[in-house]
Amino acid sequence: MSLLHTRRLALVAAASLALLSGLVSAQSTGGPSKSEAMPLTAHAPEKQAIDACVGKAENERVRFVTAKGKKRHWTCTTVDGVLAARPGVATPAHRVKKQ
């Protein structure tokens, strides 16, 4: 192998090592940022979500339309003393029939 090929090989190896170490350091950021880790309860519920749960019990499913016109099928949950519809609340798949 000539000296030119050896230098090219060394240059390619150094460049790939630098690129790889840059990727590794970008991956280890230490976890999610504050905005990514915010719980669902950090945001106040919309008026439509509160109105949908008026007269309903906790864990009851409701359908309503948001202020932006989006159709929702959420579960009523009490958060900070307010009963409002929320997404992502676990509910039983099948209701037990009363005998």
Side-chain angles (χ1 to χ4, degrees):
M1 213 185 250
S2 69
L3 184 62
L4 181 62
H5 291 292
T6 308
R7 284 186 179 175
R8 271 192 198 158
L9 185 61
L11 182 63
V12 169
S16 62
L17 182 64
L19 202 82
L20 185 62
S21 65
L23 287 173
V24 169
S25 66
Q27 292 288 327
S28 60
T29 59
S33 65
K34 281 187 177 182
S35 63
E36 294 171 331
M38 286 181 114
L40 289 175
T41 59
H43 305 290
E46 293 183 4
K47 183 181 181 318
Q48 291 81 3
I50 296 171
D51 293 343
C53 290
V54 171
K56 304 287 184 181
E58 192 163 4
N59 293 326
E60 199 169 331
R61 302 279 288 175
V62 292
R63 292 180 189 271
F64 66 100
V65 179
T66 66
K68 294 181 180 180
K70 294 183 178 180
K71 295 178 183 177
R72 300 289 185 222
H73 187 203
W74 288 352
T75 305
C76 293
T77 306
T78 302
V79 179
D80 297 330
V82 177
L83 186 65
R86 292 277 182 177
V89 178
T91 56
H94 301 285
R95 294 183 183 249
V96 178
K97 293 183 180 179
K98 295 180 183 178
Q99 295 180 359

Between [atom1] on residue [X] and [atom2] on residue [Y], distance to nearest 0.5 Å:
X	Y	atom1	atom2	value
T78	R86	OG1	CZ	10.5 Å
E60	T75	CD	OG1	10.0 Å
K70	Q48	NZ	CD	13.0 Å
H73	F64	NE2	CZ	10.5 Å

Side-chain cluster (under 4.5 Å, hydrophobic types only) that V82 belongs to, other residues: I50
Any idea which heavy atoms bring C53 and A84 closest together, and the distance? SG-C, 3.5 Å
Taking every non-hydrogen atom, the tightest pair across A52 and V62: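 Here A52 and V62 meet closest at O-CG1, 3.5 Å.
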Start with the C-alpha gap between V65 and R72, add the side-chain angles, then the distance that decides, and say whether side chain to side chain contact (heavy atoms under 4.5 Å, CB included) holds. CA-CA 6 Å; V65 179; R72 300 289 185 222; over 6 Å; no
